[in-house]
*Asks:* 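The structure under discussion is supplied below as structure tokens; questions concerning it will follow.
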Amino acid sequence: MIRSHGAGAVLASEIGNTVTVAGWVQRRRDHGGVAFFDVRDASGLVQVVADPAEHPIVDDLKMEYCVRVEGVVRPRPVGTENPDLVTGSVEIGAVDIQVLAAAKTLPFMIDDRSDVDELVRLRHRYLDLRRPRMAANLRARSKTTAAIRRTLDQLGFLEVETPTLINSTPEGARDMLVPSRLRQGEFYALPQSPQLFKQLLMISGVERYFQIARCYRDEDFRADRQLEFTQLDLEGSYWARDDVLATIEKVLAAVVADLRGVELGLPLPRLTWTEAMNRYGVDKPDIRFGMEITDLGETVSSCGFSVFTDALDAGGTVRGINAGPIEWSRSKADLLTARAKELGAKGLVWAVVEDDGSLRSPASKFFETWETEAIKGDLSASSGDVLLIVADSRWKTCVSVLGSLRNDLGRPKDHSELSFLWVVDFPMFEEREDGSITFSHHPFTSPQSVDDLRTRPREAVSNAYDVVVNGIELGSGSIRIHDPVVQRQVFDILGIDASEAERRFGWFLEALEYGTPPHGGFAFGIDRLVMVLQNEGSIREVIPFPKTQTGLDPLTGAPTWVDDSQLGDLGLSLSETALERRDEKTLDPG
RNA sequence: GGGAGCGUAGAACAGCCUGGAGUGUUCGCCGGCCUGUCAAGCCGGAGGUCGCGGGUUCAAAUCCCGUCGUUCCCGCCA
């Protein structure tokens with residue numbers, strides 16, 4: 001036995017006992033005649049006291065040396081207790097000190113104070129994970145999956161593993177591909193979600209399925225997006241929408257209780273998609289703050305500003321937000337206008353409410369006094385407030401731009417407050433720029449009305465729903481299509497003709513033919529949930545070994561070039577471009 | 001695919017706008033002193049391809065172009 005106690009378990013109750021602890025040297029404080037050092041392990045930290053004359057080895061102890069200390073627990077002298085430390089009322093008087101393993105000079109210090117470049121952290125992730133905050137994040141993640149499993153087990157769910165080498169379905173996100181050796185020229189795809197397998201499990205009679213599933217999407221990175229991520233995936237038979245929502249709410253409540261120690265108010269608030277878009281301009285609203293979008297169309301319908309009237313004449317809309325008394329300057333106006341254009345608006349009209357009630361704005365001269373007053377009234381504006389107004393011939397462009405500006409300006413910087421909500425009644429389809437139609441959720445989502453699907457698919461509302469926390473899309477689900485006729489109909493509307501549907505999804509359509517129970521389910525991102533609950537700004541902080549934005553793991557160097565013989569086994573060869581890149585990189589790595 | 005920011009000692013930065021010797025700060029590292037510290041303190045020291053390549057210039061960390069890396073954003077993400 002190397003140790004008798006965890007460092008964090010050396011409490012006042014051990015006074016007088018001989019204990020052995022093992023861990024890393026946090027810091028050494030050598031006063032000449034007496035020296036202190038802290039031993040840190042996964043359980044916490046305890047102070048060791050040694051006389052350097054008696055224990056010359058303390059001179060050698062550097063930060064992060066792995067040591068073993070045997071000693072007697074004693075109370076600290078009065079006045080030297082450390083209230084910030086769980087073990088702060090005691091210390092270990094060293095009897096024997098051994099170095100188990102020396103450590104090189106560290107690339108960064110193992111504490112939460114040091115602000116270190118992420119690339120350096122990732123290159124030495126094993127050290128980064130020693131930092132208390134990162135260790136806590138790992139622990140929180142484990143507690144999250146434990147709470148999920150506990151809750152779903154109590155509800156009678158079966159945890160089932162589905163394959164990760166599956167077939168590619170090019171809709172939606174780009175697939176991560178894996179070449180087959182035994183069947184040269186053919187490829188597996190890594191799953192973007194276990195969607196069809198869990199539906200098959202419903203057909204198999206599992207009735208209550210879940211899986212904590214690694215999923216893969218080969219798309220560009222964001223602070224909340226990695227190539228691989230982990231989802232809680234679940235599905236149930238004979239479920240209506242509210243059965244799914246209630247189940248997810250129970251899971252979320254259990255996780256929030258375990259990680260935050262607070263009770264989640266259930267049921268969670270619900271917004272329809274249309275309401276969310278109209279009030280917040282996004283389908284994942286952050287409702288921790290107001291600044292809601294207001295329709296100014298009626299107010300400005302006869303004003304002299306052609307930007308507004310032209311948009312209205314084209315069947316569009318004019319809407320605004322009251323950004324409140326924010327600091328305003330020419331450069332701020334330029335910045336926000338550029339942002340609005342980046343988001344797809346043709347421009348941005350701003351107005352500052354002056355003390356005399358007038359509007360200072362490039363557009364103010366176009367408004368009659370009554371119009372100025374009406375705009376202020378619509379937006380509940382008072383002196384000093386900044387009003388931002390967007391006009392567009394497309395409703396969705398207008399509200400989306402304002403919704404993003406609203407987020408830019410008002411969104412709380414952290415997640416100390418939690419605001420979960422459901423967004424329900426998503427449209428079944430959405431239009432692309434070119435006017436063609438695509439699914440807004442996925443092609444296995446059922447419509448609320450099969451009649452609508454047939455007669456006016458562009459207006460059809462789906463049985464899809466999202467759960468959102470603090471403006472972050474946590475996950476989504478739906479009641480699925482269990483009728484193969486309807487499923488074929490949806491493929492048809494999406495422009496997948498019968499023969500193509502048969503070729504790609506024939507196996508699934510056939511499965512639906514054998515008495516498929518009505519079913520539905522959900523999936524939410526565990527990385528994102530833990531990120532929010534741990535009050536982190538990026539999922540990389542809660543993923544033990546994440547990748548950088550270009551898909552590199554700075555620690556292992558993945559992805560790497562492989563031997564030509566390996567490529568040969570797979571029937572693959574590299575393109576000219578790839579070969580050039582390889583030669584450059586081989587000469588000048590990194 | 002596009003836009004923006006960043007890259008200077010082991011770490012975090014300042015210096016760059018307005019070119020003039022690798023100048024500076026904090027932490028770490030090395031040596032010394034020190035009997036109650038806990039981000040110990042004091043004294044001394046070492047440590048640099050200013051990401052890389054090119055250009056402008058008498059002179060480049062600084063200005064220009066390119067490139068690599070990284071972060072954030074737009075597109076993309078059923």
Side-chain angles (χ1 to χ4, degrees), chain A residues 26-38 40 45-53 59 62-64 76-85 87-88 91 103-124 127 169-175 192-193 195-196 215-227 229 335 338-344 400-401 404 407-408 426 428-430 432-433 438-445 462 464 473 476 478 490 494 523 525 537-538 540 547-550 552 554 581 584-585 587-590:
Chain A
Q26 180 72 23
R27 278 183 182 271
R28 184 178 53 131
R29 298 171 294 277
D30 187 346
H31 290 245
V34 61
F36 307 90
F37 59 94
D38 305 311
R40 184 192 81 245
L45 203 91
V46 67
Q47 173 167 282
V48 178
V49 189
D51 179 351
D59 276 345
K62 314 291 182 200
M63 286 195 284
E64 298 307 298
R76 293 194 184 193
V78 175
T80 68
E81 300 89 350
N82 184 347
D84 297 331
L85 220 55
T87 61
E91 60 193 15
K104 296 209 299 183
T105 299
L106 300 166
F108 51 84
M109 272 183 287
I110 311 301
D111 60 43
D112 288 337
R113 278 183 303 277
S114 306
D115 187 20
V116 184
D117 189 85
E118 201 171 337
L119 187 63
V120 178
R121 292 173 54 201
L122 291 181
R123 204 167 273 155
H124 303 275
L127 294 178
T169 53
E171 282 85 19
R174 199 177 288 118
D175 279 325
Q192 299 185 25
S193 93
Q195 182 61 34
L196 292 182
C215 302
Y216 303 83
R217 289 176 195 174
D218 192 3
E219 295 293 345
D220 288 356
F221 288 65
R222 284 286 190 284
D224 59 357
R225 273 158 44 186
Q226 286 265 312
L227 292 183
F229 56 98
L335 209 68
R339 173 70 173 156
K341 285 180 176 168
E342 180 188 30
L343 294 163
S400 303
V401 168
S404 296
N407 276 339
D408 290 351
F426 273 74
M428 190 76 188
F429 304 104
E430 55 192 57
R432 292 202 189 91
E433 291 280 311
T438 183
F439 41 83
S440 59
H441 185 53
H442 61 52
F444 312 102
T445 304
S462 77
E473 181 189 328
S476 55
S478 64
V490 168
L494 292 169
S538 156
R540 294 188 301 274
K547 292 175 180 56
T548 68
Q549 207 162 50
T550 56
L552 176 78
R581 213 186 138 249
E584 278 169 29
K585 287 285 169 179
L587 292 172
D588 176 29

*Asks:* Give A/A35 one of three labels, base, sugar-phosphate or nothing, depending on what nucleic acid heavy atoms sit under 4.0 Å from its own.
*Replies:*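 No contact.
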
*Asks:* Side chain to side chain donor-acceptor pair (under 3.5 Å) with A/R222: which residues, sequence neighbours excluded?
*Replies:*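 Residues passing side chain to side chain donor-acceptor pair (under 3.5 Å) with A/R222: none at all.
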
*Asks:* Please tell me if A/R29 has a side-chain N or O lying less than 4.0 Å from either OP1 or OP2 of B/A40.
*Replies:*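 For B/A40, OP1 or OP2 has a side-chain N or O of A/R29 closer than 4.0 Å.
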
*Asks:* B/A11 pairs with which nucleotide, Watson-Crick or G-U wobble, both distances below 3.5 Å?
*Replies:*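 Pair assignment: B/A11 / B/U26.
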
*Asks:* Check whether the side chains of A/Q47 and A/R29 place a donor and an acceptor atom closer than 3.5 Å, and report yes or no.
*Replies:*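 Yes, a side-chain donor-acceptor pair sits under 3.5 Å.
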
*Asks:* Quick one: label A/E81 by what it contacts on the DNA or RNA (base, sugar-phosphate, nothing), any heavy atom closer than 4.0 Å.
*Replies:*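 If one applies the 4.0 Å heavy-atom cut-off, A/E81 turns out to touch a base.
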
*Asks:* Base, sugar-phosphate alone, or nothing: which one does A/L85 contact when heavy atoms must sit under 4.0 Å apart?
*Replies:*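 Answer is nothing: A/L85 stays at 4.0 Å or more from every strand.
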
*Asks:* Should the side chain of A/R217 and the base of B/C77 be counted as holding a donor-acceptor pair, with the cut-off at 3.5 Å?
*Replies:*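 Counting by modelled atom types and ignoring angles, no donor-acceptor contact under 3.5 Å is found here.
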
*Asks:* Just call it for A/S193: base, sugar-phosphate, or nothing, with non-hydrogen atoms closer than 4.0 Å on any strand.
*Replies:*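 Base, at least one base heavy atom under 4.0 Å.
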
*Asks:* In chain order, what residues pass the side chain to side chain donor-acceptor pair (under 3.5 Å) check against A/R225, with sequence neighbours excluded?
*Replies:*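 Checked A/R225 against side chain to side chain donor-acceptor pair (under 3.5 Å); zero matches.
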
*Asks:* Toward the 5' end of RNA chain B, which comes first, A/D84 or A/M63, by nearest nucleotide?
*Replies:*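 Whichever sits nearer the 5' end wins; that is A/M63.
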
*Asks:* Rounded to the nearest Å, what distance is computed from the CG atom of residue A/D175 to the P atom of nucleotide B/C77?
*Replies:*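 My rounded result for the distance is 13 Å.
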
*Asks:* Return the pairing partner of B/U62 with a 3.5 Å limit on both distances, Watson-Crick or G-U wobble; otherwise return none.
*Replies:*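 Answer to the pairing question: none, since B/U62 forms no Watson-Crick or G-U pair.
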
*Asks:* Check whether any side-chain N or O of A/R540 sits under 4.0 Å from OP1 or OP2 of B/C72, and answer yes or no.
*Replies:*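 So the side chain of A/R540 is within the cut-off, an N or O lying under 4.0 Å from OP1 or OP2 of B/C72.
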
*Asks:* Using the C1' atom as the point on both nucleotides, what is the distance between B/G7 and B/A61, in whole Å?
*Replies:*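 After rounding to an integer number of Å, I get 11 Å for this pair.
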
*Asks:* Taking N and O atoms by type only, does the side chain of A/R225 place a donor or acceptor under 3.5 Å from a partner on the base of B/C76?
*Replies:*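 Under the 3.5 Å cut-off, the side chain and the base do form a donor-acceptor pair.
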
*Asks:* Determine the interatomic distance between P on B/G10 and the same-named atom on B/C29; round to the nearest Å.
*Replies:*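 It comes out at 15 Å once rounded to the nearest Å.
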
*Asks:* For nucleotides 5-12 of chain B, tabulate all protein N/O to nucleotide N/O atom pairs closer than 3.5 Å, reporting atom names and distance.
*Replies:*
residue	atom	partner	partner atom	Å
B/G10	O2'	A/P107	O	3.4
B/A11	O4'	A/P107	O	3.0
B/A12	OP1	A/D117	N	2.7

*Asks:* Not counting sequence neighbours, which residues clear side chain to side chain donor-acceptor pair (under 3.5 Å) with A/R121? List them please.
*Replies:*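 By the side chain to side chain donor-acceptor pair (under 3.5 Å) rule, A/R121 matches A/D128, A/E541.
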
*Asks:* Report which part of the nucleic acid A/R76 touches: base, sugar-phosphate, or nothing (heavy-atom distance under 4.0 Å, all strands).
*Replies:*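 It contacts base atoms.
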
*Asks:* Expressed as a whole number of angstroms, how long is the span from A/Y216:OH to B/C77:P?
*Replies:*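 Rounded to the whole Å, the gap is 21 Å.
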
*Asks:* Looking only at side-chain N and O atoms, does A/T80 come under 4.0 Å of OP1 or OP2 in B/C38?
*Replies:*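 For B/C38, neither OP1 nor OP2 has a side-chain N or O of A/T80 closer than 4.0 Å.
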
*Asks:* Rounded to whole angstrom, note down the C1' distance from B/U57 over to B/G44.
*Replies:*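 Comparing C1' positions in B/U57 and B/G44 gives a spacing of 42 Å.
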
*Asks:* In whole Å, I'd like the distance from the CD atom of A/E64 to the P atom of B/A39.
*Replies:*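 Result: 16 Å.
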
*Asks:* In this structure, how many angstroms lie between the C1' atom of B/G2 and the CD atom of A/Q549, rounded?
*Replies:*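 Going from CD in A/Q549 over to C1' in B/G2 covers 13 Å.
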
*Asks:* Any donor-acceptor pair, under 3.5 Å, between the side chain of A/D220 and the base of B/C76, if you only look at N and O atoms?
*Replies:*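 Per atom types, no contact qualifies.
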
*Asks:* Would you indicate, yes or no, if B/U71 has its OP1 or OP2 atom less than 4.0 angstrom from a side-chain nitrogen or oxygen of A/R222?
*Replies:*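 No, outside the criterion.
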
*Asks:* Considering Watson-Crick and G-U wobble pairs with both distances under 3.5 Å, what does B/C16 pair with?
*Replies:*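 Its partner is none (no Watson-Crick or G-U wobble pair with both distances under 3.5 Å).
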
*Asks:* Using the P atom as the reference point in each nucleotide, state the distance between B/G20 and B/G2 in Å, no decimals.
*Replies:*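 Roughly 35 Å separates the two P atoms.
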
*Asks:* If I compare all heavy atoms of A/E473 with all of A/S476, which pair ends up nearest, and what's the gap?
*Replies:*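 Smallest interatomic distance, heavy atoms only, reads OE2-OG, 4.2 Å.
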
*Asks:* Can you tell me the distance, in whole Å, between the CG atom of A/D59 and the C1' atom of B/U35?
*Replies:*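 It is 15 Å, rounded to the nearest whole Å.
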
*Asks:* Quick one: label A/E91 by what it contacts on the DNA or RNA (base, sugar-phosphate, nothing), any heavy atom closer than 4.0 Å.
*Replies:*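 The residue A/E91 makes base contact.
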
*Asks:* With a 3.5 angstrom cut-off on both distances, give the Watson-Crick or G-U wobble partner of B/C76, or none if there isn't one.
*Replies:*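 With both distances under 3.5 Å required, B/C76 matches none.
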
*Asks:* Taking atom P of B/C38 as reference, at what distance in whole Å does atom CZ of A/R28 sit?
*Replies:*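 The answer, rounded to whole Å, is 15 Å.
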
*Asks:* Where the side chain of A/T87 meets the backbone of A/L45, is there a donor-acceptor pair that is under 3.5 Å apart?
*Replies:*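 Yes: the side chain of A/T87 pairs with the backbone of A/L45.
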
*Asks:* Is A/R174 paired with A/E219 through a side-chain N to carboxylate O contact shorter than 4.0 Å?
*Replies:*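 Result for this pair is yes, salt bridge flagged.
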
*Asks:* In whole angstrom, give the distance that lies between atom CZ of A/F221 and atom P of B/G1.
*Replies:*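 Atom-to-atom, A/F221 to B/G1, this comes out as 14 Å.
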
*Asks:* With rounding to the closest Å, how many angstrom separate the P atoms on B/U18 and B/C13?
*Replies:*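 B/U18 and B/C13 have their P atoms separated by 25 Å.
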
*Asks:* Classify A/R339 by what it touches in the nucleic acid, base, sugar-phosphate, or nothing, heavy-atom distance under 4.0 Å.
*Replies:*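 Touches sugar-phosphate only.
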
*Asks:* Round to a whole Å and report the spacing from CG of A/D224 to P of B/C73.
*Replies:*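 In whole Å, B/C73 P lies 7 Å from A/D224 CG.
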
*Asks:* Does A/E64 pair with A/R40 as a salt bridge, N-O distance under 4.0 Å?
*Replies:*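 Yes, charged N to carboxylate O under 4.0 Å.
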
*Asks:* Any strand counts, and the cut-off is 3.5 Å on both contacts for Watson-Crick or G-U wobble. Which nucleotide pairs with B/C6?
*Replies:*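 When the pairing criteria are applied, B/G69 turns out to be the nucleotide that pairs with B/C6.
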
*Asks:* Could you measure between the two C1' atoms, the one in B/U62 and the one in B/C6, and give it in whole Å?
*Replies:*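 Going atom to atom, C1' in each nucleotide, I get 16 Å.
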
*Asks:* In whole Å, what separates the C1' atom of B/G3 from that of B/G22?
*Replies:*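 Here B/G3 and B/G22 have their C1' atoms 34 Å from each other.
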
*Asks:* Which residues satisfy the side chain to side chain donor-acceptor pair (under 3.5 Å) test with A/H124, sequence neighbours excluded?
*Replies:*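 Checked A/H124 against side chain to side chain donor-acceptor pair (under 3.5 Å); matches are A/Y126.
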
*Asks:* Which one, B/G36, B/U70, B/A39, comes nearest to the side chain of A/P77?
*Replies:*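 Nearest to the side chain of A/P77 among the choices is B/G36.
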
*Asks:* When you compare B/C50 with B/C16, how far apart are their C1' atoms, in angstrom units rounded to a whole number?
*Replies:*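 Per the computed distance, 11 Å lies between those C1' atoms.
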
*Asks:* Going by purine N1 to pyrimidine N3 plus the second Watson-Crick contact, or the G-U wobble pair, all under 3.5 Å, which nucleotide sits opposite B/C50?
*Replies:*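 Pairing partner, where one exists within any strand: none, as none qualifies.
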
*Asks:* Quick one: look up who B/U56 pairs with, Watson-Crick or G-U, both distances under 3.5 Å, and put none if it's unpaired.
*Replies:*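 Looking at the geometry, B/U56 pairs with no nucleotide.
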
*Asks:* Under the criterion of centre distance below 5.5 Å and interplanar angle below 30°, is A/H31 classified as stacked on the base of B/G36?
*Replies:*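 A stacking contact does not exist, since A/H31 is not both close and nearly parallel to the base ring of B/G36.
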
*Asks:* Taking only residues two or more places apart in sequence, or in another chain, which ones meet A/D117 in a side-chain contact (heavy atoms from CB on, under 4.5 Å)?
*Replies:*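 For A/D117 the side-chain contact (heavy atoms from CB on, under 4.5 Å) partners, ignoring immediate neighbours, are A/L119, A/V120.
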
*Asks:* Sub-3.5 Å donor-acceptor pair from the side chain of A/D175 to the main-chain atoms of A/D218, do we have one?
*Replies:*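 Not at all, since once roles are kept as given, no pair shorter than 3.5 Å links the two residues.
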
*Asks:* Among B/C76, B/U70, B/G36, which is the nearest nucleotide to the side chain of A/V34?
*Replies:*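 It is B/G36.
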
*Asks:* When you match A/S404 and A/Q192 each to their closest nucleotide on RNA chain B, which lands nearer the 5' end?
*Replies:*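 Taking each residue's closest nucleotide, the earlier one in sequence belongs to A/S404.
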
*Asks:* State which of B/C73, B/U70, B/U37 makes the closest approach to the side chain of A/T550.
*Replies:*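 Among the listed nucleotides, the one closest to the side chain of A/T550 is B/U70.
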
